[in-house]
Amino acid sequence: MSTINRRIRLAARPVGEPRPTDWEHVEEPAAQPGDGEFLVQVLCLSIDPAMRGWMNAGRSYIRPVEIGEVMRAGAVGRVVASRHSGFAVGDHVSGTFGVQEYCASDGRGVTKVDPAAAPLPTYLGTLGMSGLTAYFGLIEVGRPEPGQTVVVSGAAGAVGSVVGQIAKILGCRVVGIAGGEAKCRMVVDEFGFDAAIDYQSEDVRKALREHAPDGVDVYFDNVGGDVLDAVLLRLARGARVVVCGAISQYNSTKPQGPANYLSLLVNRASMTGIVVFDYADRYGEGIAQMAAWRAEGRLKSLEDVVSGSVADFPETLMRLFRGDNRGKLVLKIAD
């Protein structure tokens, strides 16, 4: 009997928040690997804010997911059939396998991972694209120096939590911005930030004056909107703003651009985007360094794992925009 592959396709381009009607749930026979291919059973799906942008039409750093196409997603899985000399049955692998239970691959963009060295969800977080985004975004774009003040928004999330920890390793003072008392407490107590600002209950501008009295040297932005505007007013001379994401704007029908951008001029500062794919030839370097820090106990991983099925993807994705997740959000669809 053929193995059934449950998949989720994009049915319509969302306006505002994605709705159930924007997705199509389908069941089809799993593809059989041809010469030079192997079949992966997907075990865990990476749930990322960037997915919302991939659903939009138009020019971006990566082509959009087309209507009728399986939703793009990073994932980890296990090889269950192989006609590829480089991948054997039983190998665990990471790649862009999509929101589905099985994926046939020719090996391009696929990396073997070791579940004995770290839990599989960690290869989607700290030792995956989220961690690599934090690593290269902070070190190559932010260029922090010991003693400087680094501010991170989305500090309890997959990227922000890693950014702050790396900044501490590099000798910086680190201030996190997060939503809610529990997340702010976690940012300080578990991830070692020097301070945290609760944007839900505090005046961010006032809190920044307290926690960054000499200004912000590096701001790693994951949320955009009002928080970005508040930090722009506290930039130090020569500050670097790293634009990683703007989750507060992704579902808005009228996105808000920065109103205080002239602070870049006044403070001779810069604002630069980070797209992790630009550093693809250096992924090994980044993963090796973060794995070493993790082994030394200097870099903690936090994965928010939701157990379910492919059918739970639409609701799990919405957890990101409600701020329900802590650390890297992962949907586990098989053992």
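A quick note: this is a predicted structure, and the numbers were derived from the prediction, not measured. Values reported hereafter were calculated over all heavy atoms of this structure, with side chains retained and with hydrogens, waters and symmetry mates removed.
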As a quick check of understanding, evaluate side chain to side chain contact (heavy atoms under 4.5 Å, CB included) for W23 and L317, giving each step before the final call.
CA-CA 12 Å; W23 306 107; L317 177 64; 4.1 Å; yes

I would like to know whether E140 and R282 meet salt bridge (charged side-chain N to carboxylate O under 4.0 Å, His left out); could you show each step before the answer?
CA-CA 12 Å; E140 296 297 331; R282 295 177 59 191; 2.9 Å; yes

Under the criterion side chain to side chain contact (heavy atoms under 4.5 Å, CB included), I'd like the reasoning laid out for C44 against L124: C-alpha separation, chi angles, the key distance, then a yes or no.
CA-CA 8 Å; C44 296; L124 298 176; 4.0 Å; yes

List the steps and the verdict of side chain to side chain contact (heavy atoms under 4.5 Å, CB included) for V150 and V175.
CA-CA 6 Å; V150 176; V175 180; over 6 Å; no

Might you work through the side chain to side chain contact (heavy atoms under 4.5 Å, CB included) test for R72 and M51, ending with a clear yes or no?
CA-CA 7 Å; R72 180 186 297 132; M51 288 175 157; over 6 Å; no

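Ring orientation note: the planes of F136 and Y279 are close to parallel, at an angle under 30° on the 30°/60° scale.
For K112 and F87, the positive end sits near the middle of the six-membered ring, less than 6.0 Å away and at most 45° from its axis.
Between the D221 side chain and the G224 main chain, a donor and an acceptor come within less than 3.5 Å of each other. Between the side chain of R173 and the backbone N or O of F193 there is no donor-acceptor pair closer than 3.5 Å. Without hydrogens or angle criteria, R326 side chain to D324 main chain gives no donor-acceptor distance under 3.5 Å. Under the 3.5 Å distance criterion, the side-chain polar atoms of N5 are left unmatched by any main-chain donor or acceptor of P29. Judged purely by atom type and a 3.5 angstrom limit, E37 has no side-chain atom pairing as donor or acceptor with the backbone of S105. Judged by distance alone, with hydrogens and angles left aside, the side-chain atoms of T122 form no donor-acceptor pair with the main-chain N or O of A118 at under 3.5 Å. A side-chain donor-acceptor contact under 3.5 Å links K183 to the backbone of G323. In terms of modelled atom types and a separation under 3.5 Å, the side chain of D312 and the main chain of P314 share no donor-acceptor contact. Using modelled atom types, one side-chain atom of D198 and one backbone atom of G180 make a donor-acceptor pair closer than 3.5 Å. In terms of modelled atom types and a separation under 3.5 Å, the side chain of S130 and the main chain of T126 share no donor-acceptor contact.
The residues E28 and R9 are annotated as salt-bridged, a charged nitrogen and a carboxylate oxygen being separated by less than 4.0 angstrom. Ion pairing of R13 with E66 is present here, as a side-chain N (NZ or NE/NH1/NH2) and a carboxylate O approach within less than 4.0 Å. Contact check on E69 versus R63 returns a salt bridge, with a Lys/Arg side-chain nitrogen under 4.0 Å from an Asp/Glu carboxylate oxygen. For R319 and D304, the salt-bridge test passes: some basic side-chain N is under 4.0 Å from an acidic carboxylate O. Ion pairing of R205 with D203 is absent here, as no side-chain N (NZ or NE/NH1/NH2) approaches a carboxylate O to less than 4.0 Å. Taking a cutoff of 4.0 Å between a charged side-chain nitrogen and a carboxylate oxygen, D194 and K168 qualify as a salt bridge. A salt bridge is defined here as a Lys NZ or Arg NE, NH1 or NH2 lying under 4.0 Å from an Asp or Glu carboxylate O, and R6 with E101 meets this definition.
To the nearest 0.5 Å, the span separating CD1 on I247 from CZ on R52 amounts to 11.5 Å. Summarising the geometry, atom CD1 belonging to I287 is positioned 6.5 Å from atom OG1 belonging to T111; distances are rounded to the nearest 0.5 Å. If you take OG on S307 and CD1 on I333, they are separated by 11.0 Å, rounding to the nearest 0.5 Å. Distance check: E190 CD to R185 CZ gives 9.5 Å after rounding to the nearest 0.5 Å. If you take OH on Y250 and CG on N56, they are separated by 10.5 Å, rounding to the nearest 0.5 Å. For the atom pair OG (S161) and CZ (F191), the distance works out to 4.5 Å, reported to the nearest 0.5 Å.
Around the CZ atom of R322, the shell of radius 6.0 Å holds more than 12 heavy atoms that belong to other residues, nucleotides or ligands. Annotation for Y61: atom OH counts as buried by contact number, over 12 foreign heavy atoms lying within 6.0 Å. Within 6.0 Å of CG in D106 there are more than 12 heavy atoms belonging to other residues, nucleotides or ligands.
In this structure the side chain of H84 never reaches within 4.5 angstrom of the side chain of V79, judged on heavy atoms. Residues F38 and V89 are not in side-chain contact: their nearest non-hydrogen atoms beyond the backbone lie 4.5 Å or more apart. Proximity of Q165 to W293: side-chain heavy atoms (C-beta onward) are nowhere separated by under 4.5 Å. Residues T133 and C244 have side chains in contact (heavy-atom distance under 4.5 Å, counting atoms from C-beta outward). Inter-residue side-chain proximity for V227 and S248 is flagged as unmet; no heavy-atom pair is nearer than 4.5 Å. Under the 4.5 Å side-chain criterion, counting only non-hydrogen atoms from C-beta, L232 is in contact with V241. Under the 4.5 Å side-chain criterion, counting only non-hydrogen atoms from C-beta, I166 is in contact with Y135. A 4.5 Å side-chain heavy-atom check between V306 and L329 finds at least one atom pair inside the cut-off.
Cluster membership for I62 and V275, using ILVMFWY side-chain heavy atoms within less than 4.5 angstrom, is shared. In this structure, V26 is not a member of the same hydrophobic cluster as L10, with clusters built from ILVMFWY side-chain heavy atoms closer than 4.5 Å. The hydrophobic cluster containing V110 does not contain Y102, counting ILVMFWY residues as joined when their side-chain heavy atoms lie under 4.5 angstrom apart, directly or transitively. The hydrophobic cluster containing V65 also contains M318, counting ILVMFWY residues as joined when their side-chain heavy atoms lie under 4.5 angstrom apart, directly or transitively. With hydrophobic clusters built from ILVMFWY side chains whose heavy atoms lie under 4.5 angstrom apart, V276 shares a cluster with L138.
A side chain to side chain contact (heavy atoms under 4.5 Å, CB included) with H92 holds for exactly one of V40, L43, D114; it is L43.
Contact between L235 and A269 at its shortest, heavy atoms only, is CD1-CB, 3.9 Å. Scanning all heavy atoms of the two residues, the minimum distance from H211 to A196 falls at NE2-O, 4.4 Å. Closest approach of V42 and F97 over heavy atoms only: CG2-CB, 3.9 Å. Looking at every heavy atom in both residues, G86 comes nearest to D91 through O-OD2, 4.3 Å. Pairing each heavy atom of L320 with each of P49, the nearest pair is CD1-N, 3.4 Å. In terms of heavy atoms, Q148 sits closest to R143 at OE1-O, 4.2 Å.
Between the side chains of S301 and K328, no donor-acceptor pair of N or O atoms lies under 3.5 Å. Judged by distance alone, the side chains of S263 and N267 do bring a donor and an acceptor atom under 3.5 Å apart. Between the side chains of S153 and N222, no donor-acceptor pair of N or O atoms lies under 3.5 Å.
Among residues at least two apart or in separate chains, there is no salt bridge (charged side-chain N to carboxylate O under 4.0 Å, His left out) pair with a member in residues 234-247.
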